[in-house]
Amino acid sequence: MLESSRDLLGMSSLCLGDIEAIFERADTVQKKDGPGRLRQYFGTKLLASFFFEPSLRTQASFEAAMLRLGGKVLGNGSSSGHRANSSHEESMADAARVMSSFADVIVFRHSSPNALPVFVENSAVPVINAGNGNGAGAEHPSQALCDLYTIQKHFGRLNGLSVSLLGNLQKRAIRSLVAGLGKYKEISLNIPRNLAFPLLDEDEKRARRDGLAINCFDTIEEVIANGDVIYHGGLAADWQPQLGEDHFLTATKLRAARSHSIVMHPLPRPGSIAIDVDQTRHAKYFECAANGVPVRMAVLESILSRSLH
Ligand code: CP
């Protein structure tokens, strides 16, 4: 059960104990069957997904998670149809008041980091941040939980790992991952020295405060060669094409990787990871996407079942 807050908005609201409890539940939650007290309880619960940006994995896996727990899902159609898009003349505050009168938990995605606090302040029920833009203030905490869970399952630990970061280091998945890694011990981050979108100052400061070692390398090959985990965070639409090519991960580039290293990506991957990487022993991104269901089941259980504990 999340100790610290009603909502899941960012990784800073989770302590290591919260994360470990979610991972433990994710290990077991799919094995439960039969009616059970929890399943009966979830039969009365409704999840609303409220997405103002496209999603495949996050929306579908939260909905699958809720249904697998025995709960119900209130979809709300495509983002362009929401009245709370500015062109449709409804404030985010009003949308939050109304949606939270229908549902017991809301999964919310918006392109602007500023929409989330307004929505949360006006919601009567817990809100899960499913991605709120990119750059300062942006996070994608449930993605980070899936990433950390997948890494933990593969290596049996997170402490002591060396994590190489590629792509745009200001994207929300990377920001949440780095915040999550800061809960663990003796983690090194490997990053390219010259990046169009380096770690934000606030992320670098927090990472150093959390005790993460940050190693900068001149070439992508060196970044790749130094990671137990090679995490590609994706590219921004305004990424410089010549840098994009440098960061495009191929099976050939992965010849520089440690034999045991794994490649992760939040997906979708266009421009980031070549199809030929799928056939290598390093590819873990589809396994990570599949882990989205048990991890999000554990998150929903943790948020919604407080009254049962
Ligand atoms: N990883 C992720 O957030 O994917 P979607 O945009 O498809 O939800």
Side-chain angles (χ1 to χ4, degrees), residues 7-11 14 22 26 47-68 73-80 82 85 105-113 115-116 119 127-135 137-151 153 163 165-181 197 229-237 239 247 249 262-273 277-278 283-300:
D7 309 293
L8 177 56
L9 305 182
M11 290 304 285
L14 299 178
I22 286 167
L47 172 144
S49 52
F50 204 33
F51 279 59
F52 290 80
E53 264 191 343
S55 169
L56 173 63
R57 281 144 290 271
T58 313
Q59 185 166 16
S61 62
F62 263 117
E63 293 182 356
M66 189 65 176
L67 293 168
R68 286 190 181 279
V73 168
L74 172 68
N76 203 38
S78 72
S79 55
S80 59
H82 292 324
N85 273 335
V105 60
I106 299 174
V107 184
F108 181 85
R109 173 176 286 187
H110 201 284
S111 58
S112 163
L116 181 69
F119 192 85
V127 177
I128 298 171
N129 175 12
N132 58 331
N134 289 295
E139 283 228 37
H140 193 352
S142 68
Q143 177 65 47
L145 289 169
C146 297
D147 294 332
L148 295 172
Y149 179 74
T150 304
I151 297 168
K153 270 183 98 71
V163 180
L165 301 178
L166 295 177
N168 179 348
L169 305 194
Q170 299 179 8
K171 294 204 91 174
R172 58 198 178 205
I174 287 217
R175 298 196 70 236
S176 284
L177 176 70
V178 171
L181 288 169
F197 295 94
V229 178
I230 300 161
Y231 192 95
H232 201 309
L235 303 168
W239 188 264
H247 284 243
L249 202 52
I262 60 172
V263 172
M264 306 271 292
H265 191 293
L267 303 177
R269 59 155 155 191
S272 311
I273 296 184
V277 176
D278 300 0
K284 279 279 164 186
Y285 28 91
F286 289 118
E287 189 176 318
C288 181
N291 285 336
V293 175
V295 169
R296 289 177 171 119
M297 285 173 81
V299 167
L300 289 172

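Please read these numbers as outputs of a predicted model, since none were measured by experiment. Both ligands and their constituent atoms are indexed starting at 1 by order of listing.
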Partner set under side-chain hydrogen bond (donor to acceptor under 3.5 Å, both in side chains) for D147, not counting sequence neighbours:
Q143, Y231
Any side-chain heavy-atom pair from V127 and F50 closer than 4.5 angstrom?
no
Atom pair CG/CZ of L116 and F52 - distance to nearest 0.5 Å
11.5 Å
I'd like the residue list for ligand 1, meaning every protein residue with a non-hydrogen atom under 4.0 Å from the ligand.
S55, L56, R57, T58, R109, H140, Q143, P266, L267
Which residues share a side-chain hydrogen bond (donor to acceptor under 3.5 Å, both in side chains) with N134, sequence neighbours left out
none
State which residues pass side chain to side chain contact (heavy atoms under 4.5 Å, CB included) with S142; sequence neighbours excluded, sorted by chain then number.
T58, F62, H140, R296
Look at the rings of F108 and F119 and say which category their plane angle falls in: under 30° parallel, 30 to 60° tilted, over 60° perpendicular.
parallel
